[in-house]
Amino acid sequence: MPPIIHPSDQKQWQNWHETYSQKLELLVDVWNANASQSTTEGYADTTRGLQELIAKALWEGQELRALGAGWSFSRAPATSGILVNTKPLNYVFPAPRTHPSYAGSREDLLFVQCGNSVAELNHFLKAKMGKALPTSGASNGQTIAGAIATGTHGSTLDFGAMQDFVAGLHLVVSPERHIWLERASNPTISDDVPQKLGAELIRDDALFNAALVSLGSFGIVHGVLLVAEDLYYLQAYRHRMPLTEGLWRAMDQLDFSGVQLPGPAGQRPYHFQVVINPNDLEGGAYVTVMYKHAQPPPGSKPPSPGSKLTQGDSALEIVGVLTDMVSDLTIPVMSKLLERFYGEFSNVAGTPGELFTDTTTRGKALGSALGIPLGQVRRAVETAMAINREYAFPGLLALRYTLPSKATLAFTHHAPMTCVLDIDGAGSARTKTFCQKVWQQLTERQVPYTLHWGKLNDLDGARVRSMYGPERVESWRKARAALLTSPELRAAFTNDYLRTLGLA
C-alpha cells in the first residue's frame with residue numbers, strides 16, 4: 001500500500017524554537033499506510049513514496065528537504081522548495097540478522113524509521129528490550145535522523161555524540177536508487193536485509209563517516225540502525241560549588257584530583273556538567289555529576305515528575321523554561337529564577353530517558369554551542385566571562401564533555417575529548433551579539449573551536465575550511481558526490497544554508 005502523502009496549503013514554515021520563518025513552495029506530511037504495525041512491506045512502500053517526492057522535485061526543478069522535529073536553531077532543515085515532514089514515520093524493527101563477522105550482540109541492534117523521536121526510542125528500548133541509548137542530548141524532542149544529521153552531542157565521558165551509536169543508514173538518494181550504507185571495517189547486518197528492502201548495499205568507511213553528519217543533504221535518511229546497550233541507571237547529584245583552581249582544572253582537563261565532586265568519593269563520573277551564571281559568580285557554579293549503575297543504588301530517590309527543570313537539563317532547557325515564565329528575562333530576574341528552580345539535589349537515580357526528558361521547551365531562547373579541545377576550555381570560558389563584564393547578557397554558560405566522533409564533519413571531533421561550551425540566553429539581538437563577540441575573541445586569541453551545526457552560527461565557507469581543514473571538507477563533498485551522482489540530484493538536496501557553508 002502506498003504511504004499517505006498529505007500536501008498542506010502552508011506556504012510559511014517556522015522552526016520549533018521560533019528563531020526564523022521560511023517561505024516554501026510545498027509542505028507535505030508523510031505517513032506509513034499502516035501506522036500501527038511495523039512491517040517490512042509497509043516500510044518498502046514508504047521508500048517508494050519518498051522516491052516519488054524526489055522525482056517531483058527533480059521534475060519541477062525544486063529543492064527538497066526532509067524535516068524532522070525542526071529542533072535546530074540554524075537553517076539546516078529549511079528550504080524554499082518542498083519540505084517533507086517525516087516525523088510521522090516511526091516504525092521500529094528489533095534485532096535484524098547480523099553479518100557473520102559482526103562482533104557485537106544482535107540483541108543490541110534496533111532498526112528505526114527516521115521520524116522516531118529520542119523520547120520514543122527511550123521508551124521503546126526500556127519497555128520492550130530492556131535497553132538504553134548510550135548517550136543523548138539534554139533534549140529528547142528531536143527525531144533520530146535530525147539529531148544525528150547535525151551532530152547532536154551527548155554528555156558522557158565514556159562515549160561520543162549521538163551519531164556514534166549508529167551502525168547503518170538507509171538513504172533514499174534518487175527516484176531509482178536507495179542504499180544501505182555501513183562501514184567496511186565493521187559490517188553489521190546480513191546482506192539479505194538490504195536485499196529485502198530493495199536497497200543497494202554499500203560498505204565504505206569514508207562514505208559512511210561523511211553521511212552521518214549530513215546536514216540533510218545526502219538524500220532522505222529513511223532508516224537508522226542503532227546500537228543500544230543494556231539498560232542502566234544514572235545516580236545524579238547537583239551542588240553549587242565555588243570556582244576554585246581544582247574545579248577549573250576539572251573543567252579544563254577533566255582532572256578531578258583537586259576537587260571533591262558531589263556523590264561517592266573517589267569515583268570518576270559518567271556525566272559531568274558545569275553551568276555558570278556569568279552575572280552571579282559569587283555563589284559559584286552549578287555542578288551536576290552522574291554515576292552509572294546497572295540498578296538504582298540502594299537509598300537513591302527517583303526523579304521528581306512534573307518538575308519545571310529536571311536533573312538532565314542543560315543551559316538551553318533552563319533558559320527556555322525561564323523565558324516561558326516571564327515576558328522579559330532580565331539579568332536580575334534570571335538569577336532569582338535560577339536559584340528557585342535550578343536547585344541542588346543529591347542521590348537521585350533514573351534511566352537516561354527519565355533524567356533527560358525535555359521534549360516541549362520552546363521559550364524565547366537563543367543559543368550557540370562551541371566544541372573546544374581539552375586544555376583550551378579555561379581560556380574559552382574566561383574569554384566569555386570577560387566579554388560579559390563589558391557586555392552583559394541574560395544567559396548562561398554550560399560545559400559538557402564527549403569523546404571525539406568519527407563523523408567527518410562532527411563538531412565534536414577534537415581529541416582526546418571535546419568540551420561543548422553552550423552559550424544560551426534570552427532570544428534577543430544582545431544574546432546573538434554576545435555569541436559573535438565570543439567567536440571573534442576566540443579566533444583572535446587563536447583558541448581552536450568548532451560550532452554546532454544546529455545552533456546559532458555565522459559560518460561561511462572560509463570558516464568551515466579553517467575549522468575542519470580542507471581535507472575533511474573535500475572528503476565530505478566527495479562522498480556526497482558519490483552518493484548523489486548527478487548535478488541535478490545535488491542541487492535538489494541543497495539549500496541556502498549549505499551554500500553559505502561552502503558545502504554545496
Side-chain angles (χ1 to χ4, degrees), residues 19 73-75 150-151 153 243 245 247-254 274-279 281 285 315-316 319 331 366-402 404-405 409-474 497 499-503:
T19 55
F73 285 116
S74 76
R75 291 181 177 266
T150 53
H153 62 91
L243 280 167
E245 284 299 314
L247 183 55
W248 274 116
R249 194 158 59 248
M251 292 158 56
D252 188 61
Q253 301 171 35
L254 292 180
V274 180
V275 173
I276 300 170
N277 180 355
N279 300 298
L281 296 175
L316 176 61
V319 174
I331 288 172
L366 194 64
S368 172
L370 296 79
I372 311 287
L374 288 190
Q376 299 287 342
V377 179
R378 182 169 186 172
R379 290 182 66 199
V381 174
E382 289 184 333
T383 296
M385 291 167 62
I387 292 170
N388 189 73
R389 287 193 289 271
E390 302 296 326
Y391 188 86
F393 86 114
L396 303 171
L397 309 175
L399 290 80
R400 290 187 172 202
Y401 298 82
T402 175
S405 175
L409 288 188
F411 88 101
T412 54
H413 69 261
H414 304 288
M417 185 82 73
T418 297
C419 170
V420 179
L421 169 59
D422 286 311
I423 304 174
D424 293 304
S428 65
R430 192 170 189 88
T431 296
K432 184 174 182 179
T433 300
F434 179 85
C435 291
Q436 291 169 331
K437 287 177 177 288
V438 173
W439 304 334
Q440 180 181 351
Q441 283 289 308
L442 293 181
T443 300
E444 292 176 358
R445 297 179 183 185
Q446 298 184 327
V447 177
Y449 69 95
T450 46
L451 288 168
H452 194 319
W453 302 107
K455 296 189 79 173
L456 182 67
N457 64 67
D458 280 350
L459 292 172
D460 57 25
R463 294 186 70 198
V464 168
R465 295 178 79 86
S466 174
M467 288 180 177
Y468 291 88
E471 289 186 3
R472 280 180 180 265
V473 172
E474 289 309 310
Y497 183 66
R499 280 186 283 270
T500 300
L501 299 174
L503 296 174

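- The two residues C435 and I423 have their closest heavy-atom pair at SG-CG2, 3.8 Å.
- D252 places a side-chain N or O within 3.5 Å of a backbone atom of V377 that can act as its donor or acceptor partner.
- Residues F411 and A369 come closest through the heavy atom pair CE1-O, 4.2 Å.
- For R465 and E471, the salt-bridge test fails: no basic side-chain N is under 4.0 Å from an acidic carboxylate O.
- The two residues T150 and W453 have their closest heavy-atom pair at O-CD1, 3.7 Å.
- Remark: side-chain polar atoms of T383 are paired, donor with acceptor, to backbone N or O of R379 under 3.5 angstrom.
- To the nearest 0.5 Å, atoms CG (N457) and CZ (F73) are separated by 12.0 Å.
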From CA spacing to verdict: side-chain contact (heavy atoms from CB on, under 4.5 Å), S368, L451:
CA-CA 7 Å; S368 172; L451 288 168; 3.8 Å; yes
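- Counting only heavy atoms from C-beta outward, the side chains of I387 and F393 never approach each other to under 4.5 Å.
- Here the CD-CD distance, from Q253 to Q376, works out to 10.5 Å after rounding to the nearest 0.5 Å.
- Residues C419 and R400 fail the side-chain proximity criterion, which asks for heavy atoms closer than 4.5 Å.
- No donor-acceptor distance shorter than 3.5 angstrom exists from the side chain of H153 to the backbone of T402, with no hydrogens or angles considered.
- Contact record, A392 with N279: CB-OD1, 3.7 Å, taken as the closest heavy-atom pair.
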Given side-chain contact (heavy atoms from CB on, under 4.5 Å), test V275 with D422 step by step and report yes or no.
CA-CA 9 Å; V275 173; D422 286 311; over 6 Å; no
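- A distance of 8.5 Å separates NZ of K437 from CZ of R430, quoted to the nearest 0.5 Å.
- Minimum interatomic distance between L247 and A285 (heavy atoms only, all atoms of both residues): CD2-CB, 4.5 Å.
- Looking at D424 and K455, a side-chain N of the basic residue comes within less than 4.0 Å of a carboxylate O on the acidic one, giving a salt bridge.
- Residues G371 and H414 approach most closely at O-NE2, 3.1 Å, considering heavy atoms.
- In this structure, T412 and V420 have side chains that are in contact, with non-hydrogen atoms separated by less than 4.5 Å.
- The shortest side-chain heavy-atom distance between L409 and L503 falls under the 4.5 Å cut-off.
- Inter-residue side-chain proximity for T450 and H413 is flagged as met; some heavy-atom pair is nearer than 4.5 Å.
- M251 has its side chain within reach of L243: a pair of non-hydrogen atoms, C-beta onward, lies under 4.5 Å apart.
- A donor-acceptor contact closer than 3.5 angstrom links the side chains of Q440 and E444.
- Residue L501 holds its CG atom at 11.0 Å from CZ of R463, rounded to the nearest 0.5 Å.
- In this structure, CG on L370 lies 11.0 Å from NE2 on H452, to the nearest 0.5 angstrom.
- The closest side-chain heavy-atom distance from M385 to L281 is below 4.5 Å.
- Put simply, CG on N277 and CG on L397 are 8.5 Å apart, with the number rounded to the nearest 0.5 Å.
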Determine whether Y401 and L374 satisfy the following criterion, side-chain contact (heavy atoms from CB on, under 4.5 Å), listing intermediate values before the conclusion.
CA-CA 9 Å; Y401 298 82; L374 288 190; 4.0 Å; yes
So T443 and Y449, side-chain contact (heavy atoms from CB on, under 4.5 Å) or not? Walk me through it.
CA-CA 8 Å; T443 300; Y449 69 95; 2.9 Å; yes
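- Annotation: side chain of T433 is not in contact with side chain of T431 (no heavy-atom distance under 4.5 Å).
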